[in-house]
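Structure first, commentary second.
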Amino acid sequence: MSRVALVTGGSRGIGAAISVALKAAGYKVAANYAGNDEKAQAFKQETGIPVYKWDVSNYQACADGIAQVEADLGLVDVLVNNAGITRDAMFHKMTPEQWGEVISTNLTGLFNMTHPLWSGMRDRGFGRVINISSINGQKGQMGQANYSAAKAGDLGFTKALAQEGAAKGITVNAICPGYIGTEMVRAVPEKVLNERIIPQIPVGRLGEPEEIARCVVFLASDDAGFITGSTISANGGQFFV
Ligand SMILES: NC(=O)c1ccc[n+]([C@@H]2O[C@H](COP(=O)([O-])OP(=O)(O)OC[C@H]3O[C@@H](n4cnc5c(N)ncnc54)[C@H](OP(=O)(O)O)[C@@H]3O)[C@@H](O)[C@H]2O)c1
């Protein structure tokens with residue numbers, strides 16, 4: 001029987017590559033998204049992966065969405081917490097709304113998605129939770145106090161939960177991508193990319209979403225059963241912890 005994988009923000013960017021790679025590896029995949037129906041429907045058409053719309057910052061919406069996915073595909077074995085947003089501003093200009101939206105999506109979203117699935121994973125003695133954090137949660141980034149705080153929080157969440165899940169066959173790991181060539185990053189003016197960002201990356205290029213997806217497929221596999229609480233830094237050598 002195929003395992004079931006649920007990818008938040010799985011309809012575009014890094015999440016889309018993760019959904020596609022997990023499907024290719026034999027999982028039944030559900031891709032969640034927030035609101036971009038057009039992109040989600042195009043993704044579904046192209047890949048055959050079903051898409052489900054809810055907001056990961058809303059606990060009840062997550063519980064209801066997960067129940068629908070499990071009714072359609074079966075119990076979720078692999079959760080990839082990938083959905084994320086930025087609301088960048090220098091701290092002296094950052095509004096409470098910018099802070100709150102990023103924390104509730106990028107950090108509380110992990111609680112909202114993992115909590116409804118956790119008891120079932122414990123009962124079945126198997127689970128994989130893979131959290132997509134960021135290089136900027138490791139090193140901090142000016143203009144991103146909200147994002148850096150949330151992404152650093154994701155790493156603490158990962159390490160604490162890994163200890164709770166270990167005896168129950170559940171692994172919890174994080175991936176910290178560096179700059180990956182998604183819409184989020186390609187929206188940066190080309191001059192800034194070429195003159196300021198890429199020169200900071202020792203491999204001399206942006207990462208590809210598929211390079212993050214391959215890390216996820218490995219962490220989801222039985223081969224990775226001894227790896228828990230860890231952080232994979234996939235950043236082209238830009239930052240070493
Ligand atoms: N790109 C990078 O260089 C980079 C680097 C480090 C870390 N990351 C992290 O990697 C993850 C994916 O980034 P990306 O660049 O692929 O982002 P992206 O292209 O902007 O896609 C974000 C995805 O998340 C979904 N989403 C956003 N808010 C949501 C919410 N409240 N509830 C449910 N889904 C929501 C979006 O849905 P809609 O399509 O409906 O909007 C979309 O599917 C994020 O956590 C990001 O912080 C990215």
Side-chain angles (χ1 to χ4, degrees), residues 6-21 29-44 47 49 51-66 69 79-88 100-113 130-141 144 146-155 157-158 174-188 192-193 197-198 200-201 205-213 215-216 231-236 238-239:
L6 170 55
V7 183
T8 68
S11 61
R12 63 190 176 87
I14 294 171
I18 294 170
S19 298
V20 167
V29 180
N32 147 270
Y33 71 104
N36 192 330
D37 296 315
E38 198 183 319
K39 277 274 160 64
Q41 288 308 323
F43 172 81
K44 182 180 168 186
T47 63
I49 294 171
V51 292
Y52 295 84
K53 179 173 163 176
W54 73 81
D55 177 358
V56 299
S57 71
N58 178 324
Y59 185 89
Q60 193 55 49
C62 292
D64 294 345
I66 288 167
V69 168
L79 170 65
V80 185
N81 284 312
N82 165 78
I85 57 169
T86 52
R87 298 286 184 270
D88 296 354
E101 282 176 35
V102 169
I103 297 295
S104 55
T105 302
N106 296 9
L107 178 57
T108 310
L110 272 60
F111 173 82
N112 294 342
M113 284 301 301
I130 300 158
N131 300 319
I132 308 301
S133 174
S134 169
I135 185 175
N136 291 345
Q138 296 174 298
K139 72 173 186 59
Q141 175 61 43
Q144 290 196 323
N146 49 2
Y147 185 85
S148 299
K151 292 297 189 181
D154 293 345
L155 300 181
F157 175 79
T158 299
I175 299 171
C176 286
Y179 286 94
I180 308 298
T182 63
E183 280 174 49
M184 196 190 250
V185 167
R186 300 236 181 249
V188 174
V192 178
L193 264 183
I197 294 180
I198 292 176
Q200 295 174 34
I201 306 173
R205 63 173 176 84
L206 299 176
E208 296 297 331
E210 292 73 19
E211 293 180 300
I212 304 305
C215 298
V216 171
T231 300
I232 295 183
S233 299
N235 62 32
Q238 190 182 349
F239 184 74

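In this text the structure is predicted, and so the values were computed from the model without any measurement. Numbering of ligands and ligand atoms starts at 1, following listing order.
- Side-chain N or O atoms of Asn131 include none that pairs as donor or acceptor with a backbone N or O of Thr158 at under 3.5 Å.
- Remark: the backbone N or O of Trp54 is paired with a side-chain donor or acceptor of Asn32 at under 3.5 angstrom.
- Residues passing the side-chain contact (heavy atoms from CB on, under 4.5 Å) test with Glu183, sequence neighbours excluded: Arg12, Lys39.
- For the 3.5 Å distance criterion, the side chains of Thr86 and Gln144 fail to qualify, holding no donor opposite an acceptor.
- Between Glu38 and Lys44, no side-chain nitrogen of the basic residue sits less than 4.0 Å from a carboxylate oxygen of the acidic one, so the salt-bridge criterion is not met.
- Sorted by chain and number, the residues within 4.0 Å of ligand 1 by heavy atom are Gly9, Ser11, Arg12, Gly13, Ile14, Asn32, Tyr33, Ala34, Gly35, Asn36, Trp54, Asp55, Val56, Asn82, Ala83, Gly84, Ile85, Thr105, Ile132, Ser133, Ser134, Tyr147, Lys151, Pro177, Gly178, Tyr179, Ile180, Thr182, Met184, Val185.
- Side chains of Ser57 and Asp55: a donor on one and an acceptor on the other come within 3.5 Å.
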